[in-house]
There are 2 protein chains.
Amino acid sequence: MRPDRLALTPDIANDLPANQGLDIFVRKLLSHSALAPDDQQALRLLPFTPRRLDAGDYILREGERSEVCPLLLSGLAYRHKFAADGGRQIVALKMPGDALDLQSLFLRVADHNLQALTVADIAIVPIKALEQLVRARGTIARALLVDILIEASIGREWLLNIGRRNALSRLAHFLCELVYRLHVTTVEPPERVDVPITQEQLADLLGLTPVHINRTLRSLEDAGGIIRQGRKLVIGDVNVLRGIASYSDIYLHRGQQTG
Amino acid sequence: MRPDRLALTPDIANDLPANQGLDIFVRKLLSHSALAPDDQQALRLLPFTPRRLDAGDYILREGERSEVCPLLLSGLAYRHKFAADGGRQIVALKMPGDALDLQSLFLRVADHNLQALTVADIAIVPIKALEQLVRARGTIARALLVDILIEASIGREWLLNIGRRNALSRLAHFLCELVYRLHVTTVEPPERVDVPITQEQLADLLGLTPVHINRTLRSLEDAGGIIRQGRKLVIGDVNVLRGIASYSDIYLHRGQQTG
DNA sequence: CGTGCGGTTGATGTAAATCAACCCATGTGG
DNA sequence: CCACATGGGTTGATTTACATCAACCGCACG
């Protein structure tokens, strides 16, 4: 029995990545925005409630209204929508350090579902505290806006990916994005990133069917882009993937600063 | 020979919709945000340079950096990206009243191309003036942010549309969205909206081929959803389209106000 | 009066979906 | 500790939606 709705009741005694607290969130923002040390510190000092989610736990449901602002500290989460025939499309994948729901601050109801993909740790930040910080510090407001804009840019790239690339390069493109985005907050070697995503989820992510994902994964493995052992899926050679997808990461807007 | 880059040089003597000036922009914002009369007035008094664009004129190119903020007063414009194999995907369609490029204020380079789809009138607002207004009036800042968030929401719906719906309902869904979005700023009867988009553009919009669009249009016509006379394409019966697409417009976030 | 763009049509090809088993690892309860 | 249920994953046969190729048409326009 787990909460259908996030509340601010604290989970006492979580020896989670809550140790490093919101540091990963700050690192994520730094990947695209410059923040003065005191801005960083202010962010790190935000009050929050840590919470551990199981894979599949809902964080927010379409049509609902959210009262809190969850940040993803570890694990993966995703946004998805359903078509009338039951078909599902994953419309965004969130990684450690990502803010999960900045939009509910400004829109009345959610237009999509938000769900944990793996076991995940989130930090639930009270809206008040965040609003206060944003009002007080323009640089932080700007960094959060840039975050929103970059998520939109990623969405556009996904449209191109799903609308115009075949299964093989589509999959390769997604895996490249995964590596590049994870690289921001993770110190892992660029290779040996493992992909804790089922084939069905990959299908819903890329607008394909699980069976076709299965066969396409085999092709990618034959090409040397990935390695599979049992159910584990690991990035083999990013360069191979980059080649297949003609991948370029400009749409991730790393190290911005309009200035 | 037309400008490859927008500048602030005024086009004198344009008896454009520049008469009503930025009113349509205000109306668009009012469709999702409440604005006090003085906020509205402040927006209407923004300085701007009107400019008429021909169909196909570029407003911004991928990789470029924009110095101005264009608003669409009449006509249609769209964002698009190219895949490595030359395939093109239209990732957003902008309608009268829409701000065309709020993101360049905060991101260094454009991640997509922005082009006029039809003859179009735009108002080029100096960034300074807009920034000043945003700083002075929180409600306006909020309204613009909501605008950005809604565009992102539309993008997610497009992902669902392209990823999970077949050609017929995909096309119907798009046409529904067109009608609903135009209804905001246009007083036209909900029916008899005409769609000044070529079949090739529809194909790039929906991730299909022109020939398949052609055949799918015929099906839609047979179903009574649209009417075609020569090259004209007109909405016939929105309810038919709604049925085919199982259309719901919640993702457009009309009449928000978190409150 | 040609020229070209957008649209239309038919024949054919193919990437991906669908259907239907079956496999295997893991976990669970008797 | 075995029996069984379950959730991925794998595989092959078949179908289908959409792409591709290649004409041709007709209006608009310079």
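Each chain gets a letter, A, B and so on, in the order the sequences are listed, and its residues count up from 1.
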d([atom1], [X]; [atom2], [N]) in whole Å:
| X | N | atom1 | atom2 | value |
| --- | --- | --- | --- | --- |
| B:Leu202 | C:dT8 | CG | P | 12 Å |
| B:Leu233 | C:dG6 | CG | C1' | 13 Å |
| B:Arg170 | D:dA17 | CZ | C1' | 10 Å |
| B:Asp54 | D:dC29 | CG | P | 13 Å |
| A:Gln229 | D:dG8 | CD | C1' | 17 Å |
| B:Ile226 | C:dG7 | CD1 | P | 12 Å |
| B:Leu220 | C:dT8 | CG | C1' | 17 Å |
| A:Gln201 | D:dG8 | CD | C1' | 10 Å |

**OP:** Please figure out whether A:Arg164 or A:Val211 has its closest DNA chain D nucleotide nearer the 5' end.
**Re:** A:Val211
Original post:
Of B:Ile213 and A:Ile197, whose nearest nucleotide on DNA chain D comes first from the 5' end?
Top reply: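 Result: A:Ile197.
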Original post:
Passes salt bridge (Lys or Arg N to Asp or Glu O under 4.0 Å), A:Asp85 versus B:Arg165? Steps please.
Top reply: CA-CA 9 Å; A:Asp85 67 352; B:Arg165 279 193 267 259; over 6 Å; no
Original post:
Can you find a side-chain donor-acceptor pair between A:Asn166 and A:Ser169 that sits under 3.5 Å?
Top reply: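 Judged by distance alone, the side chains do pair up.
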Subject >> Side chains of B:Gln103 and B:Asp111, donor plus acceptor under 3.5 Å >> reply: yes
**OP:** For A:Arg165 and for A:Arg231, locate the closest nucleotide of DNA chain C by heavy-atom distance; then report the residue assigned to the nucleotide nearer the 5' terminus.
**Re:**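 The residue mapped nearer the 5' terminus is A:Arg165.
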**OP:** Report yes if at least one side-chain N or O of B:Gln199 is closer than 4.0 Å to OP1 or OP2 of C:dC5; otherwise report no.
**Re:** no
Original post:
Does A:Asn214 have a side-chain nitrogen or oxygen under 4.0 Å from the phosphate oxygens OP1 or OP2 of D:dG9?
Top reply: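 A:Asn214 to D:dG9 OP1/OP2: no side-chain N or O under 4.0 Å.
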Candidate nucleotides [options], ranked by approach to the side chain of [X] - the nearest:
| X | options | result |
| --- | --- | --- |
| B:Leu208 | D:dG26, D:dT20, D:dC18 | D:dC18 |
| B:Arg215 | D:dC18, C:dG6, D:dA19 | D:dA19 |
| A:His212 | C:dA17, D:dA19, D:dG9 | C:dA17 |

Original post:
Can you tell me if B:Asn214 uses its side chain to pair, donor with acceptor, with the backbone of B:Leu217 under 3.5 Å?
Top reply: no
Original post:
In Å, rounded to the nearest 0.5 Å, how long is the span from CG of B:Leu72 to CG of B:Leu100?
Top reply: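 Atom-to-atom, B:Leu72:CG and B:Leu100:CG are 5.0 Å apart.
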**OP:** Would you classify B:Arg228 as touching base, sugar-phosphate or nothing, given that sugar-phosphate means primed atoms plus P, OP1 and OP2, and contacts are heavy atoms under 4.0 Å?
**Re:** sugar-phosphate
